[in-house]
Each structure stands twice: as structure tokens, then as C-alpha cells.
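Below is one structure, written out as C-alpha cells, with a few remarks after it.
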Amino acid sequence: QVQLVESGGGLVQAGGSLRLSCAASGRTFIDRAMAWFRQAPGKEREFVAAIAWSGTSTYNGDSVKGRFTISRDNAKNTVYLQMNSLKPEDTAVYYCAAGRILSRRTYEYDYWGQGTQVTVSS
């Protein structure tokens, strides 16, 4: 079992930055791929970024490339999402997820946090 708790969301102006954190508990965190997804009102859940268990492989969704960076600290059981140059269209609830393989597909992830709201004002 893996429990995930996101933090770091909030209100920020366009062009600003936020760093999200996802604290994991449970013995299997270290061998899990981790990912961030987001969901805006009335839209489907969208892939944001993912990182392999080792931290050596990452990839981002097209809409956040060059602006967002995912990282992890296995000693702290925590994964991060550094978000720079934020845009109003980045407004969404951001979810942390853990899965067995590195993927952009929601169904590949079997553990999810409850989400943290990010709002970007214009």
C-alpha cells in the first residue's frame, strides 16, 4: 500500500512559480514510478509529468514542456513538481500518482492522492 498526500498548491499570478510536493508513505514507494496529473473543471484528467523509480528517467506532457520539472527524493519519500512561468490555463487540481511503470496513462497508476488546487490569475 502507498498513501499519497499533496501540498504546495495555491493562488499565483501568471508568470509566477509554485512547487508542489507529494509525500508518500508505505514500503513500496521506492520501486514505484511517480507522476503528476491535473484536472480542470469540465475536462478530463491530463498527464503532466512522470519520473521513474530511480529518478533517471522523466518526461513531461506537451503543454508543460520547458516550464515544469518533476523530481524525487527517495530518502524523503517525496516527489516534487516545480512549476515555472505559470499560465491561467495551468489552473487545475493537481494529483500525485504511483504506479509500476513509467507512463502517461492514468490507468497505469494504482495509487492516487486527493489533489491540491492550483489557481493562476491573469
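From a predicted model like this one, the values you see are computed outputs, not experimental measurements.
- With no hydrogens or angles considered, a side-chain donor-acceptor pair links S25 and Q3 at under 3.5 Å.
- A donor-acceptor pair under 3.5 Å is absent between the side-chain atoms of Y95 and the main chain of R45, judged by distance alone.
- The shortest side-chain heavy-atom distance between M83 and Y94 falls under the 4.5 Å cut-off.
- A salt bridge links D90 to R67: at least one charged side-chain nitrogen sits closer than 4.0 Å to a carboxylate oxygen.
- Here the side chain of E6 pairs a donor or acceptor atom with the backbone of C96 at under 3.5 angstrom.
- Side chain of Y109 to main chain of R100: no donor-acceptor pair is present (N/O by atom type, distance under 3.5 Å, no hydrogens or angles).
- Taking each heavy atom of S63 and E46 in turn, the nearest pair found is OG-OE2, 3.0 Å.
- In this pair, F47 and F37 present their aromatic rings perpendicular. The plane angle is above 60°, beyond the 30 to 60° band.
- Nearest heavy atoms, T78 versus A23: OG1-CA, 4.2 Å.
- For R19 and Y80, the positive end sits near the middle of the six-membered ring, less than 6.0 Å away and at most 45° from its axis.
- For T91 (side chain) and E89 (main-chain N/O), no donor-acceptor pair under 3.5 Å exists by modelled atom type.
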(request) Evaluate the side chain to side chain contact (heavy atoms under 4.5 Å, CB included) criterion for residues W53 and M34: first the C-alpha distance (whole Å), next the side-chain angles of each, then the deciding distance (0.1 Å), finally the verdict. (result) CA-CA 7 Å; W53 70 270; M34 300 295 295; over 6 Å; no

(request) Could you give me the CA-CA distance, side-chain angles and deciding distance for L4 and Q114, then say whether side chain to side chain contact (heavy atoms under 4.5 Å, CB included) is met? (result) CA-CA 8 Å; L4 305 173; Q114 293 192 328; over 6 Å; no

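- Rounded to the nearest 0.5 angstrom, R38 CZ and L20 CG are separated by 11.0 Å.
- The two residues S103 and E108 make their nearest non-hydrogen contact at OG-CG, 3.1 Å.
- The two residues S85 and S17 make their nearest non-hydrogen contact at N-OG, 4.4 Å.
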(message) For V79 and W36: C-alpha separation, side-chain torsions, deciding distance, then whether side chain to side chain contact (heavy atoms under 4.5 Å, CB included) applies.
(response) CA-CA 9 Å; V79 63; W36 289 95; 4.1 Å; yes

(message) Could you walk me through whether V93 and T116 satisfy the side chain to side chain contact (heavy atoms under 4.5 Å, CB included) test, starting with their C-alpha distance in whole Å, then the side-chain angles of each, then the deciding distance to 0.1 Å, before giving a yes or no?
(response) CA-CA 5 Å; V93 177; T116 185; over 6 Å; no

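- Annotation for T58 and G55: closest pair CG2-O, 4.3 Å, computed over non-hydrogen atoms.
- Look at R104 and D62 and you find no salt bridge, because none of the NZ, NE, NH1 or NH2 atoms lies under 4.0 Å from a carboxylate O.
- If you run side-chain contact (heavy atoms from CB on, under 4.5 Å) between L18 and each of T119, N84, V118, V120, only V118 comes through.
- Note that CD of Q13 is 9.5 Å distant from OG of S122, once rounded to the nearest 0.5 Å.
- A50 approaches L102 most closely through the heavy-atom pair CB-CD1, 3.5 Å.
- Cluster membership for V12 and V64, using ILVMFWY side-chain heavy atoms within less than 4.5 angstrom, is shared.
- N60 contributes no side-chain N or O that, together with a main-chain N or O of G66, makes up a donor-acceptor pair within less than 3.5 Å.
- Judged by distance alone, the side chains of Q82 and S71 never bring a donor and an acceptor atom under 3.5 Å apart.
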